[in-house]
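Notes for the one structure printed next.
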2 protein chains.
Amino acid sequence: MAELSEAAGVPVPTIKYYMREGLVPPGRPTGRNQADYDQGHVRKIKLVRALADYGGLSIAAIRGLMHELDNPATELHRLLGAAQRTVTEHTEPRPGPHVEEAQRRIADLAARRGWHWEPDHPSFRTAVGVLSLLAEIGRQDMIDVLDGYAEAAERIAQADLAALGDLSDRERVVEVVVIGTALGDTLIAALRRMVQAHLSHELLGGHVEPPAR
Amino acid sequence: MAELSEAAGVPVPTIKYYMREGLVPPGRPTGRNQADYDQGHVRKIKLVRALADYGGLSIAAIRGLMHELDNPATELHRLLGAAQRTVTEHTEPRPGPHVEEAQRRIADLAARRGWHWEPDHPSFRTAVGVLSLLAEIGRQDMIDVLDGYAEAAERIAQADLAALGDLSDRERVVEVVVIGTALGDTLIAALRRMVQAHLSHELLGGHVEPPAR
DNA sequence: GGATAGTGGTAAGTAGCACTATCCACTCCC
DNA sequence: GGGAGTGGATAGTGCTACTTACCACTATCC
């Protein structure tokens, strides 16, 4: 187990904790107090850390995902839903005078772009929540980003789809969906900030060098 | 204060807590145990809840942002950096055999797209972390999403910039930057999932209707 | 063959966070 | 003039993600 800990870069007690919580399967016992672990274990532990550190997921959420990985859901379509539900913790929009308008706005957007959607989809509710909140604090002007974001979201989802690749390799697809859903958000946010910093540097400039020549 | 609590939809003890923690300024005292609150207070409390519920920020991070709001930084360029740093909690990539390659990949990407960047920018480090992690667990195939994501990130940052609008209204710009940085990620993630659900429905279909005609 | 270090398993303890409850002297308003 | 409410402070709560400590046992090195 010391080796396992070394290989995965995670302290022994934490590994024990993960096993207790069912995030990582137990080793194959070779005696009353000895067990073997293989590369699969190392990988799983690293994955757990990745989802926790970069995905910002709770242990409970990760447990859900890991179980999803272990019994590949029968229907791919349902798997995506499960991954989405597990990864996103949901906040219902607080009722307020602007909720309806926000709902209408997102519905319009979806209609315009030809998205099929359902009014009780958690992400729809989240988007509505953010929008109605912006309206409530009088920042309607920020709602105009919506179309730009929507366009970007389409581009992202397209990339996600491409990453799935060959759909017949079930196990692989399941893993890509689960990891991609959780870590994708983080990666996108990081790239967004890089571009923002770049634009900010270019337009507002830190110490603007005098142009060469 | 009961009115304030009512208007903001937040329990009284929580408001007291926020004031104690400096997230919300105290009211204008009108007696030894009485104070006046105005619309600004209601707005600020709502904003705090928004950042906590939808932005997923910690109280400490929100305090940082609120202070940013209160003394508009002199330089816009620095403000963005401050907002970014406050919103994103940073995880240094664990050293591993793939970190260097990941670094090279992101650097290449940035060079290809003409992004100016610095090697110690937190978002750069985060992106590197995610990539090297994917490599470590043998999911290099997922790294191919990078270009698609980068394109989307450019689109997003462009929308963000457009939302800033007139740069001369300092106070407004500061607010848009702070709110946009925090809530933008959530909004983007929500839209991403909506598109994913749509595509998934379309391609893998739940109950696929027989084509009309 | 005997000390020492390490193992799997479990139970109890801890640190940090975001509140929540309780108390207090006071004061508003009916 | 009396009960409800106020600002302010201190202490307590529930949750999460680990850590510590302990156990009986075993592998291994000398």
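Small disclaimer: the values here were computed from a predicted structure and weren't measured. Chain naming here is simple, since letters A, B, ... match the order of the sequence lines and numbering starts at 1 in each.
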- Note on the structure: Comparing A:Tyr37 with B:Thr14, nearest DNA chain C nucleotide closer to 5' gives the residue A:Tyr37

- 5′-ward residue of the pair B:Thr30/A:Asp36 relative to DNA chain C: A:Asp36

Nearest to the side chain of [X], heavy atoms from C-beta on, is which of [options]?
| X | options | answer |
| --- | --- | --- |
| A:Tyr17 | D:dC18, C:dC19, C:dC26 | D:dC18 |
| B:Gln34 | D:dT19, C:dC28, C:dT20 | C:dC28 |
| B:Tyr18 | C:dT7, C:dC19, D:dA17 | C:dC19 |

- Message: What contact category does B:Ala2 fall into here, base, sugar-phosphate, or nothing, at under 4.0 angstrom with non-hydrogen atoms?
- Response: sugar-phosphate

- Task: Using atom types as modelled and distance alone, determine if a side-chain donor or acceptor of A:Ser5 lies under 3.5 Å from a backbone N or O of A:Met1.
- Result: no

- Task: Flag the pair B:Glu151 and B:Arg155 as a salt bridge only when some basic side-chain nitrogen lies within less than 4.0 angstrom of an acidic carboxylate oxygen.
- Result: no

- Are any of the side-chain nitrogens in A:Lys44 or A:Asp70 under 4.0 Å away from the carboxylate oxygens of its partner? yes

Interatomic distance where [atom1] belongs to [X] and [atom2] belongs to [N] [whole Å]:
| X | N | atom1 | atom2 | result |
| --- | --- | --- | --- | --- |
| B:Arg49 | C:dC19 | CZ | C1' | 9 Å |
| A:Arg63 | D:dA17 | CZ | C1' | 12 Å |
| B:Asn33 | C:dC23 | CG | C1' | 15 Å |
| A:Ile59 | D:dC15 | CD1 | C1' | 13 Å |
| B:Ile15 | D:dT6 | CD1 | P | 10 Å |
| B:Met1 | D:dA9 | CE | C1' | 13 Å |
| A:Arg20 | C:dA11 | CZ | C1' | 9 Å |
| A:Leu23 | D:dT16 | CG | P | 13 Å |

Would you list the atom pairs, donor with acceptor, under 3.5 Å between side chains in residues 16-34 of chain B and any protein atom, with sequence neighbours excluded?
| unit_1 | atom_1 | unit_2 | atom_2 | d |
| --- | --- | --- | --- | --- |
| B:Tyr18 | OH | B:Arg49 | NH1 | 3.4 |
| B:Glu21 | OE1 | B:Arg63 | NH1 | 3.0 |
| B:Arg28 | NH2 | B:Asp36 | OD2 | 3.2 |

- Message: My understanding is that a pair needs two contacts under 3.5 Å, Watson-Crick or G-U wobble. By that rule, which nucleotide pairs with D:dC30?
- Response: C:dG1

- Query: When you check the side-chain N and O atoms of A:His121 and A:Gln84, is any donor under 3.5 Å from an acceptor?
  - Reply: yes

